[in-house]
Enquirer: 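Quick one: the structure is below, questions incoming.
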2 protein chains.
Amino acid sequence: MSVRHTGVTTAATIGPVVSCGEEHEDCGIREVLDRLGDKWSVLVVVELAQGIRRFRQLQRAVPGISQRMLTLTVRRLERDGLVSRTVHPTVPPQVEYELTPMGHSLTHLVKTLADWSAEHRDPIARARREWDAEHPGSGIR
Amino acid sequence: MSVRHTGVTTAATIGPVVSCGEEHEDCGIREVLDRLGDKWSVLVVVELAQGIRRFRQLQRAVPGISQRMLTLTVRRLERDGLVSRTVHPTVPPQVEYELTPMGHSLTHLVKTLADWSAEHRDPIARARREWDAEHPGSGIR
DNA sequence: CAGTATCCTTAATGATACTG
DNA sequence: CAGTATCATTAAGGATACTG
């Protein structure tokens, strides 16, 4: 409830405006971004959206992720209640990861993210090329 | 924009889940997250969603941000075509920042993010407390 | 297989001083 | 006011070796 629509017409602003009001500086958005904003969480969530996966399966499905980072990523997702971890005491050991209901609700958000990304990918790439051309050696990236 | 809630999604079935297929490993989502995932971008965007802001205004509106990080943040947003920067050659200098149309479209995404955050803030906090209680000294955070 | 434990490199952020 | 330039500090991520 930390974000409200306001009809603020401070400038020539048309359309819905996001506002945090005075309660918190960040509407709590940062708590989500602190999880999704890292390098691997979204990729793991997307893979788990397809179904239950074992550790090695996940690692193969997310090319480039190290064993260490996969462990850290699934642990943090588990800690947040987004992923469940089930250990089968077999030999060799078998551990299954699965999205929780809350984790599944997250996939809708990720889809929104993906849609926006797809829609603005090209414009952003173009803006970057133009900016870089106009600001050579700026060091900004 | 419209996020569809499908209720219980059995993981093994072909549902309206997020899929990247084989085209890219990340659906391009990472490109957005690489910008929004940092510590300050979202906060700056949220503030600019209220209207045009000058540099110092922005800094006061985003408590805790350093001059350096504000500069880096607005430069990167400008580079991506999300924010426009207008310099008025006055004394003292006056520089105005404003969301571009693409920047405004971003605020819809941020709102979706904020909504999800607000809705799951408490469950996540509870999940963390429980996990931490069950895994003392794990080092995970 | 599913991890831990170390060590190392790089990226991100912060603090401070200075300038047109 | 609106920055830049430096230096210091953390945090994130990667490489590799080892284990129940």
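Labels below follow one simple rule: chain letters A, B, ... track the order of the sequence lines, proteins then strands, and each chain is numbered from 1. When reading the values below, keep in mind they use all heavy atoms of this one structure, side chains included, and skip hydrogens, waters and symmetry mates.
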Enquirer: Rounded to whole angstrom units, what separation is found between the CZ atom of R60(A) and the C1' atom of dA2(C)?
Expert: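 About 12 Å, once rounded to whole Å.
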
Enquirer: If we ignore hydrogens and angles and just use 3.5 Å, is the side chain of T100(A) paired with the main-chain N or O of L82(A) as donor and acceptor?
Expert: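 Pair found, side chain donor or acceptor close to backbone of L82(A).
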
Enquirer: dG3(C) P sits how many Å from L58(A) CG, rounded?
Expert: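 Atom CG in L58(A) sits about 10 Å away from atom P in dG3(C).
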
Enquirer: Distance-only, no hydrogens or angles: does the Q57(B) side chain make a donor-acceptor pair with backbone N or O of R54(B) under 3.5 Å?
Expert: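 It does hold such a pair.
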
Enquirer: Would you kindly give the CG-to-C1' distance between D34(A) and dG13(D), to the nearest whole Å?
Expert: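 Nearest whole value for this atom pair: 16 Å.
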
Enquirer: Between R85(A) and E96(A), is the closest basic N to carboxylate O distance under 4.0 Å?
Expert: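 Salt bridge flag = no for R85(A) with E96(A).
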
Enquirer: Would you call R76(A) and D80(A) a salt bridge, using N to O less than 4.0 angstrom?
Expert: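 No, R76(A) and D80(A) are not salt-bridged.
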
Enquirer: If you measure from the Lys or Arg side-chain nitrogens to the Asp or Glu carboxylate oxygens, is any gap between E31(A) and R121(B) under 4.0 Å?
Expert: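 Salt bridge present between E31(A) and R121(B).
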
Enquirer: For R56(B) and dC1(D), is the shortest distance between a side-chain N/O and OP1 or OP2 below 4.0 Å?
Expert: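 Yes, within the criterion.
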
Enquirer: Expressed in angstrom and rounded to an integer, what is the separation of L70(A) atom CG from dG13(D) atom P?
Expert: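 Whole-Å distance recorded here is 13 Å.
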
Enquirer: If a stem is a run of at least 3 consecutive Watson-Crick or G-U pairs, both distances under 3.5 Å, which stems include DNA chain D?
Expert: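 Stem segments, range with range: C:1-20 with D:1-20.
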
Enquirer: With a 3.5 Å distance limit and no angle check, can you tell me whether Q94(B) reaches the backbone of T90(B) through a side-chain donor-acceptor pair?
Expert: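 No, Q94(B) side chain to T90(B) backbone: no donor-acceptor pair under 3.5 Å.
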
Enquirer: Let me know the distance between CZ of R141(B) and P of dA12(D), rounded to the nearest Å.
Expert: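 Whole-Å distance recorded here is 13 Å.
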
Enquirer: In terms of side-chain heavy atoms of F55(A), which of dC1(C), dG3(C), dC1(D) is nearest?
Expert: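 So the side chain of F55(A) is nearest to dG3(C).
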
Enquirer: Could you tell me whether R126(B) and D122(B) make a salt bridge, using a distance below 4.0 angstrom between a side-chain N and a carboxylate O?
Expert: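 No, R126(B) and D122(B) are not salt-bridged.
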
Enquirer: Taking only residues two or more places apart in sequence, or in another chain, which ones meet Q67(A) in a side chain to side chain contact (heavy atoms under 4.5 Å, CB included)?
Expert: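 Result, side chain to side chain contact (heavy atoms under 4.5 Å, CB included) vs Q67(A): F55(A), R56(A), Q59(A).
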
Enquirer: Please report the distance, rounded to the nearest Å, between CZ in R85(B) and C1' in dC1(D).
Expert: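 Taking atom C1' of dC1(D) as the reference, CZ of R85(B) is at 12 Å.
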
Enquirer: Indicate for each nucleotide in nucleotides 14-20 of chain C, in 5' to 3' sequence, whether protein heavy atoms under 4.0 Å reach the base (B), only the sugar-phosphate (S), or nothing (-).
Expert: BB----B

Enquirer: How many Å lie between CD1 on I140(A) and P on dT13(C), as a whole number?
Expert: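 Between P of dT13(C) and CD1 of I140(A): 13 Å.
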
Enquirer: What is the distance, to the nearest angstrom, from the OH atom on Y97(A) to the P atom on dC1(C)?
Expert: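 Rounded to whole Å, this separation is 14 Å.
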
Enquirer: Which of these nucleotides, dC1(D), dA2(C), dG3(D), is closest to any side-chain atom of T71(B)?
Expert: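 So the nucleotide nearest the side chain must be dG3(D).
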
Enquirer: Does R54(B) put a side-chain nitrogen or oxygen below 4.0 Å from OP1 or OP2 of dG3(D)?
Expert: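 Answer no for this pair, as no side-chain N or O of R54(B) is under 4.0 Å from OP1 or OP2.
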
Enquirer: Is S41(A) reaching over with its side chain to a backbone N or O of D38(A), donor-acceptor style, under 3.5 angstrom?
Expert: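 Checked: no pair found.
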
Enquirer: Look at the side chain of P92(A) and decide which nucleotide, out of dG3(D), dC1(C), dT13(C), has an atom nearest to it.
Expert: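 From the listed options, dC1(C) comes nearest.
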
